[in-house]
Amino acid sequence: MLQSTHRQVEYIAIQQEAEMMSAKKPYPEELGRSPDFLVTLRSHTVWEKLPVKLFCTVQGHPTPVVKWLKDGVVINRLKAPGKYMMESKYGVHSLVISRCEVTDSGLYSAVATNLHGSVSTEATILVKRARGDEEPAPPSLFPCQGKRNSALPPHPTHIPALSNIHHSKLDITLLDKFGVTFGSEGETVSLTCKMILNPDLANLQPEVMWYRDAHLLKESKWVEMKCGGGAAQLTLPHLNKDDEGLYTIRMWTKSGTTEHSAYLFVKDAAAQVAGAPGAPMDLKVHDVNQDYVFLTWKAPNITTEGPIIGYFIDRRESGSEAWVQCNDSPVKICKYPVNGLTLGHSYHFRVLIKLGGSREIVLHQDDLEGHVKIPGPPTNLHASETNNSFIVLSWDPPHPRGREPVWYLIEKSVADSGAWQRLNTGVLLKSPRYPVFDLEDGKQYLFRVFTVNKYGTSEASAPAGPIKKQEPQAPGQVVATRNSRTSAFVQWDPPKNPNKLIGYYIDACAAGTKTWVPCNHKPYKHTRFVVHGLTGGETYTFRVQAVNDSGLSDESQESAPLLVEAALTTPSSPYGITLLSCDGESMTLGWKRPKYSGGSKVNAYYIDQREVSDLHWKEVNVPPITERIAKVDNLKAGAFYEFKIKAGNLAGVGLASEPSAHFHCEAWDMAEPGPSHDLSFCEVRNSSLVIQWKAPVYTGQSAVTGYFVDMRKVGSAEWTTMNEAAVAHRYLKVSGLEKGETYVFRVRATNAEGVGKASDDSEPVCAKALPGTKEIHCGVDEETGDIYMSFEACEFTEISKFVWSKSYKEISDTSRATTETKVNHSKLIFANPDEADLGTYSVAVTETDGVSASHTLTAEDLEKMLELSYAIRHPIVPLKTGLAYEILERGRVRFWVQALKLSSAASYRFIVNDKEVTSSESQKISHNAASGIIEMVVERFTKESEGTYTIQIHDGKAKTQSSLVLVGDVFKAALKEAEFQRKEYIRKQGPHFQEYISFHVEEDCTVMLVCKVANVKKETTFHWFKDDEEIVLDVPANPMSGTCSLPIPLFSRKDQGIYKATLSDDRGKDASLFDISGKVFEDIINDIAHIAGSSASELMLQCTPEGIRIQCYMKYYTEEMRTHWFHKESKISSSEKMRIGGTSEMAWMQICEPTEKDKGHYSIEILDAKTSHTRTFDLSGQGKAAAFAEKRNRTAFRICDFAMLMRFDVLTLSLTCTVWGDPSPEVTWFKNEQEVVSDDHNLISFESGKFASLTIKTVTSEDSGKYSINVRNKYGGEFVEITVSVYREGEEIPEPKLGQMTRPAAPPKAQAPPPQAAKSPTPSRAKSPTPPVGAKSPTPPVGAKSPTPTRAKSPTPPPSLGSKSPTPPRSMKSPTPPRKK
C-alpha cells in the first residue's frame, strides 16, 4: 500500500511536469522552486478522547499541494465523517483529529508536491487511555522517521515482553465484527471477530486481549479464548448475569492497536416457579472474624415479577452437604451479618431466591497479646451497618486484652430513658461484631459493650450515639434521545443521596403496552446508557432504578415517549466525483449522494474548485444545487482543476468530500460517447440484481444507441460483459450471481462510431437479499374495484419515500396512476388500466439500504384483474342455486332461490306473469339471511298458476334476478304432482299404506307379499284379496304391528293374478294393488331360481327299471324356472328317449333304454336374472358302463304299497316297498330322520331280497311323522319319504290353503279305533292328482286314515308291468325327506 502511494505521487509529479513543459508557461516574477518544509511536524502524546492538531509550513513555487497520510495510507475523511479536519491557509497546513482513540496511534505524514518535486515530513501520535489500568503501546512500536524526531515518553514497565517475532509486524484489518449480543443465564455465547492478517503466517498470530467493562479477562473454565484461522473468538460456556457488560477485543498492530467493542446483555433464566424473580448475583464475604462474617450481594432486576419480599441465607460447613438456614425471616436488604460460627471451621454460603454463588471462609485464631488479667473496655463502638431490618454494631477489641479468651456483653438503651437492657444473654459473643434485630421504628437507641474474661468484666465502652437509617433513593429525571434505528440513548440524574450506590437498572416499555422489559440485568454504574434491541419506528418510554446494599429504590419518573429513529445530523460527504464532459471552458461534473443522509433529506450541494497550482479553494455556487450534476464555467483552457463538494440537509452542511482527481480542462472531441455515470443498484437478491445508470453527458459525434454492462468479482481483474447486444434502456437485470459474493460493475455507452469510455467502477455490491425483503403484490381492491400494486418495506425511516417507476423511469403522469402511502406500505393505483399500462413496474424506498422490488404486469394478468374489477364495481348477488320449485305435502308448491351470501339488509320481490306478488294467505314469502334462502310457498297450485316466475334481489350495491318458466308439459307435470300430493295428504289422514305391496322371496323359496301400514288403531281392519276373492288366513293380519304379509308357498303359474290389500276404519279406507303377471311374475321366478340354483346339489345317477335317471336336488323346483339340460354341450329337449321333469324338490332327466351313444358329459343350467347355476355329471366311467349293461336290474326300487290292517280292536299300519338291486341292497328305515329299530311295536322285514316292509302295531297319534326308506348297494342308492298322519275316525283330512306354509297339521290324540282289518291298496300307474280341498281320502272309513303321499319321489312302476315310467305330474308332492350329506 505504501509503495502504491509513492508511485501515485511520483506519477502525479511527472504528469504535472510534463504538462508544464508542454505549456511552456513563463514565470517572469519568480523562478520555480521545489517544496520545502519551513516548519515540520512534531510528535504528540495525548489522552484518549481528546483532540490533537498536527501542523506544518511549506513553501515552493508553484504552491505545493499537501496530502496527509497515516502509516503510508492517504487519510480518507469519508470513512469517519467529522473525525478529521484539514485546513490550508497561507502555506500553513494542519490536520486536526477531533476525538482521539487508541487506534489513532501511528505514524502521520504530510507530503507536499508541485511541478518541481515532492518532500515529506513525519511525526508520531501516541494515544494513551485516561484510566490507569491500561497504558498505550511502548514507543518502540512507533519509530519516528521524519526530519525531526521528538522524544517519546518511556513505556510502562508492566507491558509484557514480546516474542522473537514481534507482534507489531502485523497489519490487522477487522472484517466481520460481533455486534450487540443477547443471551440468557446458563446459555453459551461466543463473540467472534474475523480479521485479515498481513503477513498471514502460521507462527505469527496476533496477541488478542479481551476486556469486560475495561477489566482484562483471563482464560478459565468460565472463559474460553481462541485465535487462529483468521478469527478471534471469546466463548462464555455458562452465562450468568455477572457476565453482562461491554466487551472489547484489542490487538497490537503495526500501527498501534485495533479494537472493537459491543455490549452483551444477559437475561434471567426461565424461573422454575412462574413469577419468581431472578437469582441474586455477586455474593461476597466481608469482615471475617472469629465467629462472624458479613455477606453482601446484588439484587436482580425485576419488572413484572412483583416486589422481592426478602432473602434467605444458608450456610454449610466444608465436607458436609447439609445446609443450615441462618435467618428465620426473610431479610429485605442485600447484606446480612452471620454470627455463631466456629473458630477454625470452613463455611460455604448461599442466598436463596435461586441458587447463587458461594464462598469458602476459614476462620483462624488470632494470637493473643498482653499480660493483664481484667481486660480493658472496647473502643470505637459504632454502627457499621444501618437499615430497616437490623443494625450491626462494630468495635475495636481492647488493647491490651490479656492472654485469656475474652467475650463481650452488649446493652442497649432507648435514648433519654436511662435504662439499659442486656442483648446477648446466654450467647457467648467472641467477635467484635454483633447484629441487633427487632428495633422499633421511629426510636433512637444507645449501645455500650463490656469485655469479659475469666477474671472479670471491664468498664463499659463509651456509648454509641443515635443511629440514622439510610434508605436508597430513586434516580432523578430520565431523558431519552435518538441514537440509531434500533437503539436509544438514555441518561438520568443520580439520586441526591447515593448511599453506597452499586449501579442502576434501566427498563423500557413500548407504546400501547403496559409491559416493562429490563434493558440490563447487571447494575450499570454510569448515568447514561445505550439501550439496544429496540424496534425501529416504535415509541418507547424508559425508567431507572437505583441499586445499593439495601436493594432496589423506587422507580424513577418515566421519560417522555421517544420514537426510535436515527439521530438527526449533517450528512456525510459526497463521493465519486466524475468528469462527464469538457468543452475547454467549462466542465460538467457528476457525483454520488452521501452514504449517510444524517436522518434528513439531502437538499443542497455546494461545489468548491481550485487549480492544482493554487492553494485556495473558491466557491463555485452560492445558491445550493439540488441535482447531482453541475456545470462549472469560466475555466482556463489547458489548466488542471480539482473539486470538492459538500452536502447539506436540515441539520446543516456536512464535511467536504475528498478532492477530486486532477481534471484537465481540454475540449473533448472524440467520436465515441463519454462515460455513463451515477451507477446504482436495486432489487438486490441472492442471485440477481438490477443496475441502473444515467446517460453520458457527452454523446460524441452521433446519438447514443445502446449500452454494455461489464462485471467482475472483487479480487479479480477479469471483466465479463453481461449483455451480448447493446441495450437501449438504462437498466439491466443481472442474474446468475452467487449468493454472498461481491461484484463490481461498469457501463460503456456506444454510438454509430463505436464503444465509448467506460464509467467509473461502481461500488462493490454483495449478492444477498436484505432480511425481511418482500415483493410487490398486484391485486384488486375488494371495496372499490381498483387495480393496484402494493409494497411493504422491511426498512423505513421518517424521511423515507416510495418512488414508483415504470421501466425504471419515475412515474409522473398522475392521470394514469396515483400512489397512496401509509407508514411503510405504499400502493400504486391505476385509474383506467389498458394495454398502455403493461410493462415492468418497480418501487424503491429512499433513505434505506436499497429496499426495492419490481413486478411485470402482463396482458393475461391485466385481463383477469379487469374482469374481477368489473365484478366488484358492478356487483351482483352471487347465487348458489337459481330459482327452482319443489312440490310439498298437501300439494303446496315452494319456489326458492339460494344466494351464496346475503346480508340482513337485503331486499327482494317475486314477480308472476309480470305482476308483483306479496306475502298473503295464498302465498307466503320469507327469507333466511344466514343460509341465503328466499322462498315463496303457494298454498293452492291450480291451472291458473301456469306462467313465468321471477325473483329480483337487491343487497347493497349488488343485485341479481332469476326466472323460472312453468308452461306446457313442465307445468302439467308439476300440476299432476301437486294434485297427487294433495290426495296423498288426504289419504294419510286416515289409515293408509305407508309402503304399498311388494314382494320378496324367503330362503325356503316361499314368496312373501308385504306392505307397511300407518295411522292405524285397534278397530282398523285389514283384508287380502286375489282376483277380488278374499283370502282367509289361519291367523288374521295385525295392522297394529305396522307390517302385514301374505305367504305364497310353492309358487307357480297358478298363483298369477291381481292381489289387493284393504285397510279401513271409521276415519276412512285405503287399498293397495299388486299385479303378479308379466314382468313381476318373471322377477319372482328369477328370485326363486337364484335361491334354488344356489342350493342345487351336484347331479346324481339313479338306475331305474326303464333306464337311467340323472337328478339334481334343490330347495324348490318348478317348471316355470328357466332350466336347460345339456349332453356334450348340446341342449337336450324332452322326448320319448330323454324325458325332462321334476318335483318340488328336484329336477331330473330320464334316459330310457340307454346305449353307448348316451355316454358322456351331462349338465343342468339354472338361470336367474343375473347369473347361471350349473351342475355337471360325467356318464363315461366303468361303473356307469355296468349300469348301461344292466339297464333296469341295478339298484332300483319303486314306491311301496301300503295299507292298514285291522285286527279286532287294534289298528296296524304296514309300509311296504318292492326293491331291485344286484348285488342285493341294504335297507334302512327312518322316522323323522332317526333310524327305526325293529322291536315289538315296529317290525321290519326284507323278504326274498325284494320286499321291504315296516309294520307298526297298535297305531297311535305318536306314530305320526315323516317315514323314509333308504336302499343302497355299491352302485348307488335311493331315498324315499312319506308322511303319516293319524286322525280320529270321521275327521276330514285338511289340504294346504293359500297363505299357509306347507306343514303337516298337528294330529289330534289317537283314540282306540274298533278292530277292523283292511288291505293296503296297490297304487296305480295313472297320475294321482291332488285331491280337492275338503275331499276325503279313498280309504276305508276307519279311525285312522291311510296317508297317501302327495308327491312320489320315484313314481316308476315295477318292471313286471311292462310299461315305461311316466313323468310325475307337477301337482304331486315329493315324499322324499331331505337328504343327509
Side-chain angles (χ1 to χ4, degrees), residues 1-10 35 37 39-58 64-77 79-80 83-88 93-113 118-129 135-156 159 162 165-174 195-199 204 206-207 250-259 658:
M1 181 67 73
L2 191 59
Q3 286 182 337
S4 176
T5 303
H6 284 308
R7 285 197 299 267
Q8 292 175 0
V9 173
E10 291 173 358
F37 283 101
V39 178
T40 60
L41 299 177
R42 66 181 182 87
S43 299
H44 292 267
T45 299
V46 296
W47 294 111
E48 190 180 22
K49 299 181 182 178
L50 294 179
V52 64
K53 183 175 182 180
L54 297 177
F55 67 90
C56 61
T57 303
V58 64
V65 176
V66 176
K67 296 287 186 181
W68 291 92
L69 296 87
K70 177 179 181 289
D71 297 329
V73 179
V74 176
I75 296 175
N76 186 357
R77 290 185 296 171
K79 292 184 178 179
K83 185 177 183 64
Y84 299 103
M85 295 180 60
M86 301 176 186
E87 294 183 355
S88 176
H93 301 266
S94 63
L95 170 67
V96 178
I97 306 175
S98 61
R99 186 180 177 87
C100 290
E101 299 177 355
V102 175
T103 55
D104 291 325
S105 299
L107 183 63
Y108 287 78
S109 306
V111 179
T113 306
S118 63
V119 67
S120 65
T121 180
E122 298 175 345
T124 299
I125 293 180
L126 179 63
V127 182
K128 298 180 63 176
R129 289 191 180 277
E135 294 294 337
S140 60
L141 297 179
F142 309 104
C144 192
Q145 299 175 358
K147 279 190 173 183
R148 299 182 182 180
N149 294 331
S150 300
L152 298 178
H155 63 275
I159 296 297
L162 300 178
I165 302 178
H166 207 287
H167 294 176
S168 64
K169 300 295 184 182
L170 294 174
D171 189 3
I172 302 175
T173 302
L174 299 181
M195 53 191 161
I196 297 177
L197 304 179
N198 187 19
L204 183 60
E207 181 182 356
R250 182 177 300 157
M251 291 174 285
W252 299 113
T253 67
K254 183 178 179 181
S255 59
T257 61
T258 183
E259 65 180 41
E658 288 294 317

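On a predicted model such as this, the values are computed, not experimentally measured, just so you know.
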field: side-chain contact (heavy atoms from CB on, under 4.5 Å) between L126 and H44, worked out
entry: CA-CA 6 Å; L126 179 63; H44 292 267; over 6 Å; no

Do [X] and [Y] touch side chain to side chain, with heavy atoms closer than 4.5 Å?
X    : Y    : value
I75  : L69  : no
L95  : Y108 : yes
T173 : M195 : no
L174 : M251 : yes
L54  : W68  : yes
P64  : T113 : no
K70  : L107 : no
I196 : I172 : no

message: Rounded at 0.5 Å granularity, tell me how far CD in E122 sits from CG in L41.
response: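 It comes to 9.0 Å.
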
- prompt: Which distance, rounded to the nearest 0.5 Å, do you find between the OG1 of T103 and the CD of E48?
  reply: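 T103 atom OG1 to E48 atom CD measures 8.5 Å (nearest 0.5 Å).
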
field: Check: S120 side chain, V111 main-chain N or O, donor-acceptor pair, under 3.5 Å
entry: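 Between the backbone of V111 and the side chain of S120 there is no qualifying donor-acceptor contact (under 3.5 Å).
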
message: The criterion is side-chain hydrogen bond (donor to acceptor under 3.5 Å, both in side chains); which residues satisfy it with E259, sequence neighbours excluded?
response: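 Result, side-chain hydrogen bond (donor to acceptor under 3.5 Å, both in side chains) vs E259: R129, R250.
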
- prompt: In chain order, what residues pass the side-chain hydrogen bond (donor to acceptor under 3.5 Å, both in side chains) check against T258, with sequence neighbours excluded?
  reply: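 Testing T258 for side-chain hydrogen bond (donor to acceptor under 3.5 Å, both in side chains), a comparison that skips the adjacent residues, returns none.
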
All side chain to side chain contact (heavy atoms under 4.5 Å, CB included) counterparts of [X], not counting sequence neighbours:
X   : result
K83 : A80, I97, E101, D104
T57 : L38, V39, V92
L50 : W47

query: At their closest point, which heavy atom of L197 faces which heavy atom of P206, and how far apart are they?
result: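 Of all heavy-atom pairs spanning L197 and P206, the closest is CD1-CD, 3.7 Å.
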
Minimum heavy-atom distance between F37 and C56, given as atom pair plus value: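 Closest pair (atom of F37, atom of C56, distance): CE2-SG, 3.5 Å.
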
